[in-house]
Q: 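Encoded as structure tokens, here's the structure I'll be asking about.
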There are 8 protein chains.
Amino acid sequence: MAWTVYLSGEIHTDWREEVARAAEGLDVTFTAPVTDHAASDDCGVAILGAEPNKFWHDHKGAKINAIRTRHAIEEADVVVVRFGEKYRQWNAAFDAGYAAALGKSLVILHNSDHAHALKEVDAAANAVCETPRQVAEILRYVLTGRLPG
Amino acid sequence: MAWTVYLSGEIHTDWREEVARAAEGLDVTFTAPVTDHAASDDCGVAILGAEPNKFWHDHKGAKINAIRTRHAIEEADVVVVRFGEKYRQWNAAFDAGYAAALGKSLVILHNSDHAHALKEVDAAANAVCETPRQVAEILRYVLTGRLPG
Amino acid sequence: MAWTVYLSGEIHTDWREEVARAAEGLDVTFTAPVTDHAASDDCGVAILGAEPNKFWHDHKGAKINAIRTRHAIEEADVVVVRFGEKYRQWNAAFDAGYAAALGKSLVILHNSDHAHALKEVDAAANAVCETPRQVAEILRYVLTGRLPG
Amino acid sequence: MAWTVYLSGEIHTDWREEVARAAEGLDVTFTAPVTDHAASDDCGVAILGAEPNKFWHDHKGAKINAIRTRHAIEEADVVVVRFGEKYRQWNAAFDAGYAAALGKSLVILHNSDHAHALKEVDAAANAVCETPRQVAEILRYVLTGRLPG
Amino acid sequence: MAWTVYLSGEIHTDWREEVARAAEGLDVTFTAPVTDHAASDDCGVAILGAEPNKFWHDHKGAKINAIRTRHAIEEADVVVVRFGEKYRQWNAAFDAGYAAALGKSLVILHNSDHAHALKEVDAAANAVCETPRQVAEILRYVLTGRLPG
Amino acid sequence: MAWTVYLSGEIHTDWREEVARAAEGLDVTFTAPVTDHAASDDCGVAILGAEPNKFWHDHKGAKINAIRTRHAIEEADVVVVRFGEKYRQWNAAFDAGYAAALGKSLVILHNSDHAHALKEVDAAANAVCETPRQVAEILRYVLTGRLPG
Amino acid sequence: MAWTVYLSGEIHTDWREEVARAAEGLDVTFTAPVTDHAASDDCGVAILGAEPNKFWHDHKGAKINAIRTRHAIEEADVVVVRFGEKYRQWNAAFDAGYAAALGKSLVILHNSDHAHALKEVDAAANAVCETPRQVAEILRYVLTGRLPG
Amino acid sequence: MAWTVYLSGEIHTDWREEVARAAEGLDVTFTAPVTDHAASDDCGVAILGAEPNKFWHDHKGAKINAIRTRHAIEEADVVVVRFGEKYRQWNAAFDAGYAAALGKSLVILHNSDHAHALKEVDAAANAVCETPRQVAEILRYVLTGRLPG
């Protein structure tokens with residue numbers, strides 16, 4: 001049985017590729033949000049017409065992005081949420097809460113200096129990782145029973 | 001029929017009292033997380049015993065706090081989430097996501113300078129307010145049909 | 001056990017009062033949308049600030065009204081939807097669909113000349129009435145077993 | 001992962017074909033109600049026997065059509081509802097409410113002159129379009145991240 | 001905490017009164033279908049108008065009775081279904097199936113000569129009784145821990 | 001998309017084959033209970049060991065059969081329930097109730113002389129047929145939009 | 001808002017009274033299984049008649065006890081499960097799994113020497129306590145925000 | 001339609017292979033927890049780093065194993081739980097409770113000397129077996145209608 005794993009959160013590093021490379025050979029389909037920052041910000045107005053007010057500009061885009069991200073969370077067997085170094089990343093925490101309420105298995109990925117600020121998010125998770133490799137190792141173990149090394 | 005409204009998020013200003021005062025007379029019960037920051041941080045070790053590792057110190061506390069916050073979200077007719085000026089507030093965004101996935105009516109409260117960073121959270125909301133008074137006015141209208149002024 | 005009955009739909013005649021009068025003595029709590037047309041149209045901008053674009057003016061109001069109407073449908077034991085003579089009344093049909101998907105008992109109230117256009121809505125209903133008195137008689141029978149006359 | 005998109009509502013123009021053409025190449029399966037107006041009206045009596053009373057004629061048909069339409073909504077990843085120029089189209093609004101209650105992503109398609117009458121329906125949607133092309137562009141963006149132009 | 005117990009099925013003996021008498025003193029609210037056979041058969045046409053076709057006569061009544069019986073099953077903590085000596089009693093078995101699918105605790109009451117024919121229904125039950133007194137004894141034990149004698 | 005249709009109820013005539021033949025060419029998978037009466041009655045003791053008490057003999061078998069029938073109902077897009085001329089058939093009515101509570105589309109098949117006794121079951125159905133051919137015609141229409149003749 | 005707390009598991013020490021005493025003054029209703037071991041073992045045959053086969057003797061009792069315990073878990077805001085020193089206590093672990101699947105907040109209470117054997121159960125819990133006093137302190141903190149000492 | 005059967009519980013005998021061999025030819029996919037005891041105990045620290053405290057060592061592992069076991073239960077059509085001769089096996093009982101709450105068909109496998117201690121677990125099951133062969137025979141009967149011998 002193939003697993004579907006949603007890689008949510010940070011879109012400014014190549015952590016998704018790192019996870020995928022380290023998970024090579026596993027029967028896993030990875031999904032992701034749109035990771036083109038500009039497209040993600042502007043999709044609403046690009047398709048549905050310009051808005052002079054930035055709030056509605058953002059709103060139209062966020063609603064369209066939600067079609068993809070909600071679908072990805074609902075279809076996922078595991079939801080991985082990465083918190084990076086930049087930006088507020090409230091959408092990442094929102095995704096984690098959304099996934100938790102649906103009873104999804106959660107894996108959270110962040111550097112240790114965010115641990116205190118993320119304690120409520122981490123407390124809802126099945127695992128808290130510091131590297132993309134650890135995420136892949138968890139997937140490998142969960143699917144095949146094999147441990148690293 | 002009394003409504004239950006969960007006031008989630010920021011715990012360092014008196015916005016909950018402002019909402020409650022402005023909502024005086026309404027048939028509303030407000031619930032909240034534990035707003036004593038130190039108690040909230042230390043409840044796990046205070047009750048269940050010290051942990052040398054800060055991660056597990058936090059973890060034990062966050063799991064106990066989750067008993068209260070999950071219950072509050074699940075019992076709520078409306079979930080209000082306040083994003084303040086300080087801290088990462090990932091738990092606030094997590095609560096918003098959790099509430100959204102349960103189909104709760106969401107009201108988000110934040111200053112306009114956070115609007116872009118909160119666009120995904122705002123897009124899941126029934127209303128985005130800038131002041132506690134607006135939150136109370138929404139509750140007054142929703143319960144009684146009366147508008148301000 | 002008291003029943004909660006949501007009276008959805010048309011807001012320009014006194015059919016809600018007719019139902020309530022004819023249901024006198026029953027252990028029923030009636031709920032309703034905000035029936036002040038102007039307040040219902042303008043609540044969004046009245047509370048959250050003006051919008052130059054009519055679409056967003058409407059949108060802000062409709063989202064706030066949804067807090068009340070979704071809650072009313074979810075809390076209801078029976079949802080009654082009245083289709084009147086004026087306006088498109090798409091929100092009434094939307095409410096009926098929403099209630100049907102939640103498995104609520106539905107009673108639809110309309111004149112016989114709307115029967116063909118409402119056939120899909122009627123097909124989801126437990127009863128199709130032509131008068132408010134019939135709605136009350138159904139409630140009286142369902143709660144007490146007593147038939148009219 | 002293929003997406004299933006239900007195209008609900010108006011059956012008297014070729015908007016479904018327009019959406020499909022503009023969405024060419026996407027991994028999408030489109031579903032639809034029976035769009036043969038006469039068959040849809042008469043299926044009940046054609047299969048189960050004539051009814052002298054028009055109400056039951058309609059009722060038998062509507063119940064059979066509901067097997068298809070409820071199934072289509074439940075299986076859909078996205079529900080698109082088109083409101084056209086003719087007829088009351090209460091079944092379209094009913095479908096929108098039904099889909100909203102199931103938590104489906106909703107895209108509403110109508111001319112701007114219906115905006116005020118559809119404000120409650122639009123408020124439940126992820127996107128409000130004026131053209132079939134926009135519907136397809138949303139699907140293309142949601143599935144592939146590509147924007148038009 | 002008061003329990004709600006729905007007493008479904010046979011309406012031609014006084015078994016409901018027997019259960020209630022034997023359960024005296026317990027914190028239980030009993031609910032029941034309309035047990036006036038004639039009213040139950042004719043409620044549809046009595047309220048909504050005559051039907052020349054017996055099928056629709058029955059249909060209108062059964063749909064109205066379903067408002068009461070579905071509500072009773074959904075609100076019940078325990079559903080008791082009595083199969084008597086007369087009639088087909090398919091509605092009793094339907095209620096049992098409906099309750100089972102909702103995860104309700106089921107108690108079935110019938111004479112031993114129906115045991116083979118009711119084996120699928122009994123297999124879904126928490127208890128199979130032969131007398132109303134046994135039903136009450138189960139309720140007394142479940143609520144208070146006291147056994148008979 | 002293939003549909004799964006569960007053919008529940010009577011096991012002593014070849015109505016399932018009639019439906020299947022008349023539905024030839026449709027993208028439908030039919031499922032059924034075990035229709036070997038003796039095997040169905042004795043499966044429990046044949047596998048798990050004899051029971052001197054007929055009640056437990058039946059019970060062990062009914063619980064095993066429930067693995068198949070509950071699964072079939074849960075997986076079905078449409079549940080067809082046939083009431084024949086012989087036996088009590090309470091399990092058929094139980095299946096109908098079970099399917100109704102899960103929100104499945106129901107088609108009921110019986111001769112007109114059972115109509116009054118089955119009025120509660122029929123009231124939960126999308127269609128009431130008298131012949132297997134009608135069942136197939138409904139499926140053909142629902143899947144392809146084609147009407148007979 | 002009063003909380004309902006189900007105290008599941010061990011029935012041979014007075015830990016329930018200890019929790020209740022230490023929780024004095026809190027707005028909590030405690031529920032429990034029947035804690036009279038003999039009554040719990042024999043309730044089935046005492047009410048429904050003797051069984052020569054011990055398996056069915058046990059089975060009849062366990063099914064009746066399940067009416068109470070499932071109800072208690074479903075109604076609970078928090079489920080506390082105590083593992084004591086004696087017996088296999090598989091029913092305690094079963095209750096914990098049942099509660100976890102329903103998304104209930106779980107508090108597990110056991111001596112540290114059971115920690116390894118209970119690691120899967122503990123991993124599903126919000127808190128793992130060693131004394132009844134700790135259970136009460138968690139409830140006090142969760143309801144009132146007050147910490148011990 | 002292929003069935004998915006989760007084989008939970010004891011990991012120190014080859015009962016899973018026995019079931020699989022005896023079920024040869026059936027359209028069944030078997031799933032299982034990680035059955036390498038050492039890997040299962042140590043997966044948490046092997047991937048995420050050592051813990052000096054045995055409780056957290058176990059906790060990290062149990063949370064990761066839960067990703068696999070919860071997924072297996074949720075995806076299963078039938079959950080088989082084997083109680084062996086060694087260890088406490090609380091995780092097996094926990095899995096049974098978890099599966100029961102999700103409405104899964106349950107088959108329990110244990111020697112008769114555990115019958116009294118497992119009565120609550122058995123009472124939630126569709127079948128109680130003493131040998132792996134019986135498990136396979138149930139699956140064969142449920143899928144194909146064929147009985148042994």
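Source: prediction; values computed, not measured. Sequence lines set the chain letters: A, B, ... in the order given, protein chains first and strands last, and positions in each chain run from 1.
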Q: Using only non-hydrogen atoms and a strict under-4.5 angstrom cutoff, which residues of residues 106-127 of chain G touch chain E?
A: none
Q: What's the shortest heavy-atom distance between Tyr141(E) and Ala39(G), and which atoms?
A: OH-O, 3.7 Å
Q: Side chain to side chain contact (heavy atoms under 4.5 Å, CB included), that's the test. Do Leu48(G) and Val128(E) meet it? Break it down for me.
A: CA-CA 8 Å; Leu48(G) 298 173; Val128(E) 180; over 6 Å; no
Q: Only pairs of heavy atoms separated by less than 4.5 Å count here; which of Gln134(E), Glu130(E), Lys104(E), Glu137(E) has the most with chain G?
A: Gln134(E)
Q: Do any of residues 65-83 of chain G have a heavy atom less than 4.5 Å from a heavy atom of chain E, and if so, which, in residue order?
A: Asn65(G), Ala66(G), Ile67(G), Arg68(G), His71(G), Glu75(G)
Q: Which value, rounded to the nearest 0.5 Å, describes the distance between Ile47(G) atom CD1 and Ile138(E) atom CD1?
A: 5.5 Å
Q: Where does Thr144(E) contact chain G at under 4.5 Å (heavy atoms): side chain, backbone, both or neither?
A: backbone
Q: Select all residues of residues 2-37 of chain G having any heavy atom within less than 4.5 Å of some heavy atom of chain E, and report them by number, or 'none'.
A: Thr4(G), Thr31(G), Val34(G)
Q: Which heavy atom in Pro148(E) sits nearest to a heavy atom in Ala46(G), and how many Å separate them?
A: CG-O, 4.1 Å
Q: Just wondering, more than 12 heavy atoms not from Arg133(G) lying within 6.0 Å of its CZ?
A: no
Q: Please enumerate all residues that pass side chain to side chain donor-acceptor pair (under 3.5 Å) together with Lys60(G), with sequence neighbours excluded.
A: Glu51(G)
